[in-house]
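Numbers here simply count residues along the sequence, with the first being 1.
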Amino acid sequence: MALGGFVDWRGNAINREVHGGVRAAWFLYVLTVVTNVVIVPNLLNLVTYLHGTMHMGVSGSATTSTNFFGATSGFALIGAFLSDSYITRSRTMLLFGPFMFLGYGLLALQAYLPSLHPPPCNIEAELNNCKEVHGWNAALLYTGLYMTAFGDGFVRVCLPSLGADQFDHKYPSESRQQSSFFNWYTFGISFGGFVGLIFIVWLENYKGWAIGLGVCCILILLGLLIVAAGFPFYRNQVPEGSPLTRILQVLVVAFKNRKLELPQKPEEAQENNTGSGTGSIDALSQTNSLKFLDKACINPGRNGAWSVCTVTKVEETKIVLRVLPLFISSMVGYISNIILFTFTVQQGGMTNTSLGKIHVSPATLFIIPITFQMVMLAVYDQFIVPFLRKRTGYVGGITHLQRIGIGFVAMLLASVIAAIVEKKRKEAVVQMSLFWLAPQFFLLGVADVTSFTGLLEFFNSEAPRGMKSIATALFWCDLGLASLMATFLVEVVNKATRHGQQGGWLEGSSLNNSHLDLFYWVVAVVGLLGFLNYLYWAKKYVYQHNPRIAELPADQDSP
């Protein structure tokens, strides 16, 4: 049975029984795991490489790492625009994903050849004798890093959207599978990070960066070959031109027609403007919200995309504008998660991390919340969602916004518990065990299972069909901007609590002479305000697609 708006890799109409579904999604699951085996440990270990091997200063290493993460998010926006506008998501990944392979290849080559990096030395003990990477070697380093970020950004933004395309929300069975896809996609990120933090970090720390980065290069190539093998099975959304241009057209035409009166009957405003529609994008019904945009549908007697817009274009723009308050409020709500994740690991480094004869390094502490997350995702998808689905009628057991809200509550509770535990840690006579941090690690896992996956699924499911990749890019931007706001909050608190020669709450030489416990209470207050703000907008939001279990269309046969 053909499905409109989608084509196979050759541009032919697709068949639901042949293309898409779980079979196609499996290729994407494998790519998710393989890429995150590489990405997660290197993102966390990059500062160590820049400082210890390339002999950059502390601030230089941190700035380069931050710029690397920011560049990845920026490239993701470019990838989203290209895949939604001009080329399919699968081709975008296949065309630009190899840049990640080439980037890691350059980094591995630089780490292997002594002439391409500074001579080894102990930067802590021989600070004046250590030469920082410079000249052509520095150019090679930055080329490798930003080629990696370029490919990573394109793959990261297209992968979840392509996965969602493999399921049609109009069919009950596929609607449930689409909701499950995002759970297992997040599980793939966690599982890949888990393996990488053990295997890749061990290789880089004990076998050398050249071997570690070389293995990363091979893994990326393997992942790209696997996703390419799935090309005959993918459903590919047909690009329909720039969605940003369509939104701009609606805003411009609505402004031009601002003094015109809307007709009593909506169909009168739609007269003679159907010809500028987009063929494969779902037709959207006119809604009563943001009525001023409906004036873009009024035909003033001139034809053209910049003179009159279709109802579908107007409704696309309305969807984007309705989502913006939730985008902003979610960004504020996620600040707590970023801060807690960062400082909880630092707290862990100040505790007794010995498990019998095994000593857990601070970097490896990331495995703890990742393990919680993997277990909870599996339990949530296989047991909790089916249980709730039967009682609520929602495809995902609960709505996307309810799931996100639960995550924000978990972050708030984690902030309170973290404040109490940190106070107890500083007062303890004997070094506190790492297991005292288990409750906040557990709540961070709950937050990622709910808010992380919920936000990704919400942006993707509510976005118009021609803007799925851009919606995923907005999700990653949400997290990136939350990170910047978290940094800003730390700076504000330090400035506000700095008195004379006495540093701010977080400016001590270690956590023992800082006031992290008091800062956690500030984070809890920010989290509470963010949650209340989110709650206000979430209650006002009206879903574009009914989150309840869909009924099978009357004119379609059951799969």
Keeping [X] on the side-chain end and [Y] on the backbone end, is there a donor-acceptor pair under 3.5 Å?
X: Tyr234; Y: Asp165; answer: no
X: Ser190; Y: Met374; answer: no
X: Thr453; Y: Thr450; answer: no
X: Gln166; Y: Ala25; answer: no

Handout entry: Side-chain touch Met467/Val320, heavy atoms, less than 4.5 angstrom
Key =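 Yes, their side chains come closer than 4.5 Å.
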Exercise for the section: With the side chain counted from C-beta on, respond yes when Phe475 and Phe452 share a heavy-atom pair under 4.5 Å apart, and no when they do not. Expected result: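 A side-chain contact under 4.5 Å exists here.
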Problem - ring pair (Phe, Tyr, Trp, His ring centres under 6.0 Å) involving Tyr104 - partner list, sequence neighbours excluded - result: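 Expected list: none.
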Practice task
Taking ring pair (Phe, Tyr, Trp, His ring centres under 6.0 Å) as the test, write out the residues that go with Phe194, two or more places apart.
Solution key: none
Are side-chain N/O atoms of [X] and [Y] paired as donor and acceptor at under 3.5 Å?
X: Thr497; Y: His515; value: no
X: Thr92; Y: Ser83; value: no
X: Trp505; Y: Asn494; value: no
X: Gln402; Y: Tyr394; value: no
X: Asn533; Y: Ser329; value: no

Exercise for the section: Over 60° means perpendicular and under 30° means parallel, so classify the ring planes of Phe181 and Tyr185, tilted if in between. Expected result: parallel
Exercise for the section: Evaluate the ring planes of Phe96 and Phe99, with Trp represented by its six-membered ring, and classify them as parallel (under 30°), tilted (30 to 60°) or perpendicular (over 60°). Expected result: parallel
Problem - Nearest non-hydrogen partners of Gly527 and Ser336, listed with the distance - result: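 Closest heavy-atom pair between Gly527 and Ser336: CA-OG, 3.4 Å.
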Exercise for the section: Kindly determine whether Val449 and Arg403 satisfy side chain to side chain contact (heavy atoms under 4.5 Å, CB included), including the steps that lead there. Expected result: CA-CA 9 Å; Val449 168; Arg403 185 174 183 177; 4.3 Å; yes
Salt-bridge present ([X], [Y]; N to O < 4.0 Å):
X: Asp84; Y: Lys468; value: no
X: Lys313; Y: Glu316; value: no
X: Asp168; Y: Arg235; value: no

Can you tell me how far the [atom1] atom of [X] sits from the [atom2] atom of [Y], to the nearest 0.5 Å?
X: Thr472; Y: Leu162; atom1: OG1; atom2: CG; value: 10.5 Å
X: Leu474; Y: Leu455; atom1: CG; atom2: CG; value: 11.5 Å
X: Glu457; Y: Thr399; atom1: CD; atom2: OG1; value: 10.5 Å
X: Ile328; Y: Asp478; atom1: CD1; atom2: CG; value: 9.5 Å

Exercise for the section: Show your reasoning for whether side chain to side chain donor-acceptor pair (under 3.5 Å) applies to Arg89 and Ser469. Expected result: CA-CA 8 Å; Arg89 290 167 190 128; Ser469 295; 2.8 Å; yes
Practice task
Would you sort out whether Phe458 and Tyr541 count as a ring pair (Phe, Tyr, Trp, His ring centres under 6.0 Å), showing the intermediate values?
Solution key: CA-CA 12 Å; Phe458 171 73; Tyr541 187 80; 5.4 Å; yes
Exercise for the section: Answer yes or no on whether Arg156 is positioned over the face of Phe154, meaning its NZ or CZ is under 6.0 Å from the six-membered ring centre and within 45° of the axis. Expected result: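 No, Arg156 does not sit over the ring of Phe154.
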Exercise for the section: Decide side chain to side chain contact (heavy atoms under 4.5 Å, CB included) for Asn36 and Thr32; before the verdict, give the C-alpha distance in whole Å, the side-chain angles of both, and the deciding distance to 0.1 Å. Expected result: CA-CA 6 Å; Asn36 281 282; Thr32 302; 3.8 Å; yes
Problem - More than 12 heavy atoms from other groups under 6.0 Å of CZ on Phe191 - result: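 Open: at most 12 neighbouring heavy atoms sit under 6.0 Å from CZ of Phe191.
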